[in-house]
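Here's the structure we're looking at; comments come further down.
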2 protein chains.
Amino acid sequence: MKFLKIPAATITRLSLYTRALETLIKEQVTVVSSKKLAELCGVNPAQIRKDLAYFGQFGVRGVGYYVKELLFDVKKILGLHREWKLAIVGVGNLGCALVAHENFTRQGYRFVAAFDADPMKIGRKLVTGLLINPPNEMHAICREKQVEMGVICTPADFAQDIANRLVDAGVKAILNFAPTQIQAPEGVKVENVDFSVKLDNLAYFLTTG
Amino acid sequence: MKFLKIPAATITRLSLYTRALETLIKEQVTVVSSKKLAELCGVNPAQIRKDLAYFGQFGVRGVGYYVKELLFDVKKILGLHREWKLAIVGVGNLGCALVAHENFTRQGYRFVAAFDADPMKIGRKLVTGLLINPPNEMHAICREKQVEMGVICTPADFAQDIANRLVDAGVKAILNFAPTQIQAPEGVKVENVDFSVKLDNLAYFLTTG
DNA sequence: ATCTTATTGTGATTAGAGGCACATGCGTGC
DNA sequence: GCACGCATGTGCCTCTAATCACAATAAGAT
Ligand SMILES: NC(=O)c1ccc[n+]([C@@H]2O[C@H](COP(=O)([O-])OP(=O)(O)OC[C@H]3O[C@@H](n4cnc5c(N)ncnc54)[C@H](O)[C@@H]3O)[C@@H](O)[C@H]2O)c1
Ligand SMILES: NC(=O)c1ccc[n+]([C@@H]2O[C@H](COP(=O)([O-])OP(=O)(O)OC[C@H]3O[C@@H](n4cnc5c(N)ncnc54)[C@H](O)[C@@H]3O)[C@@H](O)[C@H]2O)c1
């Protein structure tokens, strides 16, 4: 059971489940069935059971899942039981919004370094007190602060170059907000967040009905 | 050929293709093969041909695709040959970044209305000159300005309520940035942009190798 | 006019994800 | 202590998406 290949979609859903579970905890719910949880997440109940089955047995037959326990287990599966150190590159409109966003911190994602090429910004501090460094210090600082994930918020033209530098600095996971496809070596994971693609999907939907 | 059901993934890729094609145009490339385009987009060449095949024939055998022509056609398929009118609800950190983002405008997405519940913000103008209105005017203003898409940038607790109001105001497409699942009636499309889920994916990748 | 070469368009094939349905097994009540 | 109800865990089936492989065909050379 342990060594099956796990669908990427499963991981994405697990992330969704943690959300729902957190809301349930807030509502003082202690036990939840796959049926109920499925409703909250907008998926099929069997899907949930199958997703969990990849990683073991977490429920009690005839009862359901203990919310708190399941949340703990799922978080552990995803690797959310610990803190992650992030670096942001490009602190423009979007970059600043991200760093300021306190949800990330609450979830264990901590920005420990910031970089920007703008001479006007270098040396200044973000609202969180984080110092903005020049890109050429990326290697040294990322290693020193043990940055594990890089977030790219620069214009698209620079994204690949930044990615290369991050990889060079030992960063193995990159979240890319620039609307471009980034190449990364084996062993480095790149996730793209692409608002335009989503808008395009909506446009298509409205166009075709 | 015309009345097959088209995979959602196909639409998403079409959006990616337009990006690559735009870069090719900038580089003065006039003709491109599915092989080359596939490399740029990180997909399988046959995938591209099949995606396009859903909508007709766009290439020349033995030659490839004429870049400019194909871009025009794909944009038309997606409904990007025209302008779309958007409303934003919640002009905080993220909301402001979105409105300020000029890429959207370039692609034909135009913010024509903004709403926020904060009394300090109502009545003020965004950097683009867009006036911030109270949420209770959503219905009237959205109808008046013929808003077609709504963008939700409020805290998660209010997202569903905002969505309901947007739907009520005749909006048929919603882009939701709040980390929550939104229910919408048949005929209304909701797309979620969820940064945390992406980060969680990275965390999982780093945790398991 | 015919042959060559390159690349499309597409039927066939493979891979994979999602959903169904039931056997399994836990908790409760009698 | 036994039976019953209920929700899980999972084998199997279905459906969809991705890839392969080749026939169709356009452009250019001979
Ligand atoms: N703002 C949005 O809502 C939005 C939406 C979708 C996508 N994006 C994408 O996110 C990225 C950033 O968007 P933004 O709105 O924050 O842009 P922005 O112009 O406000 O910020 C870009 C920042 O990157 C910095 N930068 C430029 N080159 C750099 C380099 N080589 N190294 C380090 N820093 C560099 C700039 O100095 C600037 O501070 C862009 O690729 C954009 O397309 C933004
Ligand atoms: N900032 C980020 O990087 C980021 C990242 C991921 C997700 N998000 C999500 O995006 C949403 C907005 O994030 P933000 O950082 O801009 O938050 P923010 O607090 O800066 O802005 C929220 C805005 O929404 C307004 N608002 C609150 N209730 C409202 C209502 N009922 N009607 C209209 N407006 C209302 C507030 O007045 C405020 O201006 C949140 O759901 C957040 O979780 C943000």
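Here the structure is a predicted model, which is why all the values come from computation and not from measurement. Lettering follows sequence order; numbering is per chain, from 1.
- Judged by distance alone with a 3.5 Å cut-off, no donor-acceptor contact links the side chain of A/Arg49 to the base of D/dT8.
- Between the CZ atom of A/Phe55 and the P atom of D/dT8 there is a distance of 18 Å, rounded to whole Å.
- The interatomic distance linking B/Asp51 (CG) with D/dT16 (C1') rounds to 14 Å, in whole Å.
- Residue A/Arg13 contributes atom CZ, which lies 8 Å from atom P of C/dG19 at whole-angstrom precision.
- Map B/Arg61 and A/Pro7 each onto its nearest nucleotide of DNA chain C; the residue landing nearer the 5' end is B/Arg61.
- Closest to the side chain of A/Ser33, out of D/dA7, C/dT10, D/dA18, is D/dA7.
- One interatomic measurement links the two molecules: CD1 of B/Ile48 to P of C/dT8, which rounds to 9 Å at whole-angstrom precision.
- Rounded to an integer number of Å, the gap from A/Glu39 CD to D/dA7 P is 12 Å.
- Here the shortest heavy-atom pairing between B/Thr18 and B/Val74 reads CG2-CG1, 3.5 Å.
- Straight-line distance from the CG atom of B/Leu52 to the P atom of C/dT8: 10 Å, rounded to whole Å.
- Although no hydrogens or angles enter the test, the distance criterion places no donor-acceptor pair under 3.5 Å between the side chain of A/Arg13 and the main chain of A/Asp51.
- Side chains of B/Asp200 and A/Tyr109: a donor on one and an acceptor on the other come within 3.5 Å.
- B/Asp116 places a side-chain N or O within 3.5 Å of a backbone atom of B/Asp118 that can act as its donor or acceptor partner.
- Whole-Å rounding puts the A/Asn44 CG to D/dA7 P distance at 16 Å.
- Between D/dT8 and A/Ser34, a contact under 4.0 Å exists linking OP1 or OP2 to a side-chain N or O.
- Distances shown here put a side-chain N or O of A/Tyr65 below 4.0 Å from the OP1 or OP2 atom of D/dG9.
- A straight line from CD of A/Gln47 to P of D/dG9 spans 14 Å, rounded to a whole angstrom.
- Aromatic pair B/Phe177/A/Phe195: ring centres closer than 6.0 Å.
- The stretch residues 23-32 of chain A has no heavy atom under 4.0 angstrom from DNA chain C at all.
- Looking at every heavy atom in both residues, A/Gly150 comes nearest to A/Leu166 through CA-CD1, 4.1 Å.
- Put simply, A/Gln57 has no side-chain N or O that comes within less than 4.0 Å of OP1 or OP2 on C/dG25.
- Nucleotides of DNA chain C nearest to A/Val60 and A/Ala8 differ in position, and the one nearer the 5' end is that of A/Ala8.
- In the model, B/Asn164 has a side-chain atom that pairs as donor or acceptor with a side-chain atom of B/Gln160 under 3.5 Å.
- Counting any heavy atom pair closer than 4.0 Å across all strands shown, A/Lys50 reaches a base atom.
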